[in-house]
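Have a look at the structure below, then the notes.
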Amino acid sequence: MRRSHRRLASRLAAAVTLALGAAACGGGGSGAGPDGTVTLTVDTFSTFGYEELFKRYEASHPGVRIKHRNVVQLDEYLPRLEQWIAAGSGAGDVVALEEGILSKFLAKPDRFVNLLDHGAASLKDGFLDWKWKQALSQDGRYLVGLGTDIGGLAMCYRTDLFAKAGLPTDREKVGGLWPTWDAYIATGRRYADKVKDSRFVDGSVNLYNTILAQQASQTAGHTFFDPSGRLVAGANPAVRGAWDTTVRIQQNGLSAGLKSFEPSWGSGFKKASFATVACPSWMLGVIKENAGAEASGKWDVAPIPGGAGSRGGSFLAVPRQSRHAAEAAALVRFLTSAESQIVAFRARNNLPSSPRALDDPAVLSFRNGYFNDAPVGEIYAKGAKAIRPLYLGPDNNPVQQRFEDALLALEQSRLSPDAAWRKALADAEREAR
Amino acid sequence: MSVPADVRVRPRTARPSGPPGPRPRGSALTRLDVRLSPYLFVSPYFLLFLVFGLFPMGYTLWVALHDWELLGDQRFVGLENFRLVLTDPQFWNAVLNTLGMFVIATVPQLLFALVLANALDRRMRGRLVARLGVLAPMVTSIAAVAIVFGQLFSRDFGFVNWVLGWFGVDRLDWAAGRWSSWLAISAMVDWRWTGYNALIYLAAMQSIPRDLYEAAAIDGASRARRFWTITLPMLRPTIVFTAIVSTIGGFQLFTEPLLFGNGDMAGGSLRQFQTVTMYMFENAFRRFDYGYASAVSWMLFMLILVGSLLNFLWLRRVGGTR
């Protein structure tokens with residue numbers, strides 16, 4: 001018994017050490033080389049489309065090397081980033097901040113380099129006004145990050161499945177099918193009548209997040225938290241409205257029940273398990289990656305039901321812990337410039353947050369070959385300036401995950417719609433505690 | 001310092017009272033060597049245990065007594081975290097899941113390992129290959145195992161559902177239900193650990209004197225009878241050992257359910273397969289509530305202690321007291 005007791009104690013202690021240690025160490029690893037070159041580490045998630053830009057920057061700045069680290073899933077990237085920032089080590093010299101995490105970091109701006117100290121003040125007109133203000137402290141003296149992209153909305157659909165269901169495949173006509181979400185549901189029912197081996201929409205999770213961002217930016221301007229940081233999930237009509245629409249789509253049997261960014265969602269793209277996916281601009285790169293070359297030309301892009309909105313979008317920031325703050329800030333300025341945003345848009349369709357880039361013919365005239373030559377520049381950029389800002393609270397990400405869980409449980413027929421709603425609210429309270 | 005009176009009763013010969021006389025130079029070092037060396041030789045383990053074992057445990061307890069936010073301040077709150085843990089339905093849900101998966105994974109695993117070991121103990125062709133074969137799952141990367149099993153049990157295009165389809169069973173969403181997810185995860189655990197336990201049993205079986213079996217055989221005992229009355233009783237200490245090691249492993253179940261849920265720390269839409277370790281991790285590295293997570297990890301420590309003890313006592317009782 002003593003022997004096993006000791007084993008047990010040391011095992012447990014090792015686990016605890018691991019857990020505690022994980023906070024302290026990370027993989028920062030950037031510094032000046034022996035020949036004076038500076039290596040800048042850049043941390044991003046999902047797809048930013050920066051490969052080409054990094055090469056250009058290294059070519060024009062011989063003293064700078066760029067090390068790029070990317071994490072595919074935002075849900076994995078965020079906690080890692082938070083740990084690095086809190087521990088004061090491990091983060092790259094430039095880090096991507098998704099808008100959902102921004103308000104949390106704005107509460108402790110001193111963890112980041114104030115970009116106003118690095119000449120960012122003159123760049124204000126280079127960004128949509130709300131995008132600039134999102135990363136600015138209340139008193140206007142501290143700028144945590146510079147905007148990269150915004151998440152203008154559209155609806156992606158598979159032309160071959162639409163043809164099979166006897167629906168129009170032309171993107172103008174498809175957009176005409178669904179000016180509203182009710183019309184979208186009606187179209188879905190027509191689809192379900194004809195096609196039995198696939199569903200109309202990928203799943204509740206992606207749909208809900210999109211509808212919520214859209215409805216909230218059109219109404220209250222915030223989602224689960226109000227601008228004072230108070231949890232208002234139960235009181236905000238946009239939260240409930242988006243929920244009801246999603247549940248209605250699900251209860252009509254239109255959903256394939258897949259959770260976005262999971263492997264089964266990816267194989268759903270490969271096997272054509274669903275005909276539509278709500279697609280913020282940054283989603284196009286994700287679809288292309290998941291659906292693969294064999295689906296080239298089969299997807300197309302139509303306007304989204306329910307009007308303009310933005311979901312997602314990011315910033316680049318320089319953590320205070322960086323040893324090359326000046327060089328890193330210069331890289332951030334380069335990557336967020338209008339020219340670079342255009343390059344990133346053409347690479348991955350990340351919709352620019354710079355008004356000049358949004359007006360640029362290189363953006364407006366851009367067609368995406370993979371998406372049946374859809375004029376994605378026109379579709380996304382046209383409505384971009386009409387987008388109204390959306391405030392996301394400090395615990396936005398965990399609360400959103402609890403709503404996703406409740407919708408999944410509903411989709412798995414484990415909970416009734418009412419029980420799922422109550423559970424989402426109760427769990428949200430727990431996360432915001 | 002005054003010397004207590006009763007010291008005088010000690011035999012004086014053991015320690016000379018006066019200062020030591022002049023000795024050869026090496027002698028003092030030799031004495032030191034004889035006295036200290038054994039401690040030095042065993043010290044690396046204890047030093048490592050102190051640094052990586054005892055200190056973190058104590059520190060975790062210290063953290064558990066605080067409201068310790070990663071990005072915020074640290075405030076001493078006494079036993080408040082423990083009170084919250086004990087009344088937290090999410091914690092008890094995780095305990096239930098852990099215990100449930102422990103039972104449905106470990107019991108069949110040990111039974112099957114015993115049968116497997118008994119089979120491997122016999123004379124047969126290619127015995128070495130078979131014995132090495134049962135170890136193969138052990139050397140497979142756990143992440144790879146979890147990914148493969150995750151696909152086997154996937155809802156839409158999974159192998160298991162495909163096979164079940166032959167028998168007219170509807171597609172099952174394995175991850176959605178409590179029992180189905182437990183079964184899938186237990187299958188993963190068993191696939192990995194049955195061979196390991198079988199080898200331990202096998203080693204123990206081979207140390208059982210063969211003449212016992214011969215004598216029993218001469219007396220006309222059947223194969224089954226020999227297994228029940230010779231093999232099993234002689235294996236009892238080994239069974240206790242494997243049961244306790246499995247208890248510890250089962251209570252700390254983490255990677256399999258985590259990867260089964262594609263990295264979802266909440267363990268499914270209704271937390272149907274979130275284990276205590278996952279819950280601890282969720283609090284530490286998702287909610288960044290270190291104080292609370294530390295309290296959870298101490299509760300886990302207690303649970304393992306209790307679990308191992310119960311296991312030990314029960315197996316002792318079952319095996320009969322000798």
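In the text below, chain A, chain B and the rest are named by the order of the sequence lines, each starting its count at 1.
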Under a 4.5 Å heavy-atom cut-off, does chain B meet the side chain of [X], its backbone, both or neither?
X	result
A:N397	neither
A:S273	side chain
A:R430	side chain
A:S264	neither
A:L78	neither

Considering only heavy atoms and a distance below 4.5 Å, find which of A:Q401, A:E431, A:K259 pairs most often with chain B. A:E431
Based on non-hydrogen pairs under 4.5 Å, which of A:S413, A:A107, A:P263 is most in contact with chain B? A:P263
Starting at [atom1] of [X], measure out to [atom2] of [Y] and round the result to the nearest 0.5 Å.
X	Y	atom1	atom2	answer
B:F157	A:K270	CZ	NZ	11.5 Å
B:Q90	A:D427	CD	CG	6.0 Å
B:N262	A:E76	CG	CD	10.0 Å

Where does B:Q151 contact chain A at under 4.5 Å (heavy atoms): side chain, backbone, both or neither? neither
For A:Q138, look at atom CD and say whether over 12 heavy atoms of other residues, nucleotides or ligands are found less than 6.0 Å away. no
A:K271 atom NZ, over 12 foreign heavy atoms within 6.0 Å: no
Given the rule in the side-chain contact (heavy atoms from CB on, under 4.5 Å) test, do B:L270 and A:K423 qualify, once you have shown the distances and angles that lead to the verdict? CA-CA 9 Å; B:L270 292 172; A:K423 182 169 166 47; 3.2 Å; yes
Going by an N to O cut-off under 4.0 Å, is there a salt bridge joining A:R402 and B:E282? yes
Using every non-hydrogen atom in the two residues, find where [X] and [Y] come nearest and quote the distance to one decimal.
X	Y	value
B:S269	A:D405	CB-O, 3.3 Å
B:F285	A:P79	O-CB, 3.2 Å
A:Q412	B:A176	CD-CB, 3.4 Å

